[in-house]
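Bear in mind that the values here come from a model prediction, so they are computed numbers and not experimental data. Every number for a ligand or one of its atoms is a count from 1 in the order of the listing.
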Amino acid sequence: MKKFFITTPIYYINDIPHIGHTCTTVAADIVARTHKIIGDEVFFLTGTDEHGQKVAESAAKENLSPQDYCDQISPRFEEAWKKLNIDFDYFIRTTDKRHEKVVQELLQKIYDNGDAYKDKYEGWYCVGCEKFLTETEMVDGHCPLHPPEKTVKKSEENWFFRLSKYVPKLIELIENDETNYIAPVGKKSEILAKLKAGVRDISLSRENVEWGISVPWDTKQTVYVWFDALINYYSATQFIEGKKDFWPANLHLIGKEILWFHTVIWQAMLLSAGFEVDKLPKQVYIHSFYMIDGQKMSKSLGNVISPQQLIDLFGVDGSRYLIARSFPTDNDSDVGIERFKEKYNADLANNLGNLVSRVTKLAEGVTTKPFFNPSFDRAGSLDEDFVKLINNCRFDEAVGLVFKKYIDSSNTKLNEVTPWKLDNNDPKRIEVLGYCIKNILSASLHLKPIMPEVTQKIENCFENKVKTLDAPLFPRIK
Ligand code: MSP
């Protein structure tokens, strides 16, 4: 069995889960479930990022200790993912002592290798991003991603990481890379250009942020939250029983705003800590963003969509389907409740749901065994192009392929042959229904990673003898 280790970013807990976090997590779940179907041994990791200034400030606003605050908020993410039927294997929290220990060990190695030195940091910091800003990253004097007050002037003594030392190695690795380590490939040139433009060393610790892991060789300082957070991917494999062999990660799935951290800083940290090139993560997949009706999603605009809102309207599988179909690969994707409704009604209620309902009614009582693919649930039965598309996070195209191949063709054939006008024993009727049953079962197998429950319901209709549905699979939404 091949091992496949996939991760999502660990989310900041100063926010509650929204459709942006949901999009990455559902995508990772779809990829993970597809790998399970093709027979891989999968380790799927998600979790929460709990240290740093931003979390400490949010806790203080609520009059809670940072730890109590984290303990209250972190479960909201875990619960949201469970409600969405996300089949993660482990939910990591960076306040877990076992994680903290691995962070300290890894940083100690960086220090022992001579890659940490003390210096003064003077400049701007965005508390929203938990990131030191360069002048070129600022727009009108502040971080473009967060409200102006989040950008603050800092002057402090920090431990610095010799990031610049690893730039030549990283350029070489990225230039010679044929494995699509940075995907989609367009992002590769963006990173190379930035690396070649010159890179400064960065802080690895904070002087006045108490809410963090102590720097092992200088307990007055805490580890800069991004160093702590990135290490989660590795620490999970070290402290969870039986997961060591899953390192290196096969796929870090992330949004575009944290590309630099994942493709440059993370790799440099690992190289500095003594990891060989073949022990670096195999791929970082960078997706774009959801926009809500053409606008950035933000609390102040009041346009944030929560996963619960989606579930209430479209059910769990409907929500997962809509996310897959609108997933922002290369470009930002404009979403909104009205668009979702249209898509849901067109694809799920009127097309897939209607086909299953028609065919089960027409074929009620028919013995289904002859129509089963003998390798029904097994490796090899998924269309290769479909698997490729899923691995490249082209979910919209992957679903499009399934609809075209199995659903549309069935509808066309039904309308051509009009079996409802034929006698029950007419061979033409039997043939067309058999064709549709096979197609529905194939569609269902392919759609399983996206809609695990509905596809199970579909399969139940075709166990032994065809049974009609008790209720529509996807009730139409007004
Ligand atoms: N804690 C860091 C990540 C550390 S990983 C070692 C962080 N957290 S976050 O809560 O801000 O989550 C950011 C991620 O959420 C993005 O990279 C992306 O995966 C997802 N999204 C947040 N908003 C999004 C959209 N509007 N659209 C799509 N995904 C977005 O950064």
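Among all protein heavy atoms, the one lying closest to atom 19 (O) of ligand 1 is Thr24 OG1, 2.6 Å. Protein heavy atom nearest atom 17 (O) of ligand 1, with residue, atom name and distance: Gly255 N, 3.0 Å. For atom 29 (N) of ligand 1, the nearest protein heavy atom (residue, atom name, distance) is Gly20 O, 3.2 Å. Closest to atom 12 (O) of ligand 1, if we only count protein heavy atoms, is Tyr11 CD2, 3.5 Å.
Heavy atoms of Met291 stay at 4.0 angstrom or farther from ligand 1. Residue contacts with ligand 1: Trp226 is included, with a non-hydrogen atom under 4.0 Å away. Residue contact check for ligand 1: Trp266 places no non-hydrogen atom closer than 4.0 Å to it.
Atom numbering of ligand 1 starts at 1 in the shown order; those under 4.0 Å from a heavy atom of Cys23 are 28 (C). For ligand 1 and Ile258, the ligand atoms under 4.0 Å from any heavy atom of the residue are 17 (O), 31 (O). Shown in contact with Ala229 at under 4.0 Å from a heavy atom are these atoms of ligand 1, numbered in order with element: 6 (C). Set against the non-hydrogen atoms of Asp49, the atoms of ligand 1 under 4.0 Å away are 1 (N), 2 (C), 4 (C).
Counting only N and O atoms by type, the side chains of Thr8 and Thr46 include a donor and acceptor under 3.5 Å apart. A donor-acceptor contact under 3.5 angstrom links the side chains of His99 and Asp228, judged on distance only. Side-chain contact, His146 with Thr151: no donor N or O sits under 3.5 Å from an acceptor N or O.
The distance criterion of under 3.5 Å between nitrogen or oxygen atoms is met by Tyr290 with respect to ligand 1. Checked against a 3.5 angstrom limit, the closest N/O atoms of Tyr12 and ligand 1 fall inside it. Taking any N or O of Ile10, backbone or side chain, at least one lies under 3.5 Å from an N or O belonging to ligand 1. Not one N or O of Pro328 is nearer than 3.5 Å to an N or O of ligand 1, by distance alone.
Taking the centre of each ring, Phe77 and His21 come in below the 6.0 Å mark. Taking the ring centroids of His446 and Tyr406, they lie under the 6.0 Å cut-off. Taking the six-membered ring for Trp and the full ring otherwise, the centers of Tyr233 and His262 sit less than 6.0 Å from each other.
Ring-plane geometry between Phe261 and Tyr224 is classed as tilted, the angle between the planes lying from 30 to 60 degrees on a 0 to 90 degree scale.
Heavy atoms of Lys296 found under 4.0 angstrom from ligand 1: none, in either backbone or side chain.
Ion pairing between a basic and an acidic side chain is recognised when a charged N comes within 4.0 Å of a carboxylate O; Lys256 and Asp332 show such pairing.
A heavy-atom distance below 4.5 Å is found between the side chains of Tyr234 and Trp266.
Considering each of Lys256, His18, Met297, the one bringing a non-hydrogen atom nearest atom 22 (C) of ligand 1 is His18. The option from Lys131, Glu257, His262 that lies nearest to atom 14 (C) of ligand 1, judged by heavy atoms, is Glu257.
Under a 3.5 Å cut-off, the side chain of Gln309 and the backbone N or O of Ser306 do form a donor-acceptor pair. When atom types are taken as modelled, the side chain of Thr455 and the backbone of Met451 share a donor-acceptor pair closer than 3.5 angstrom.
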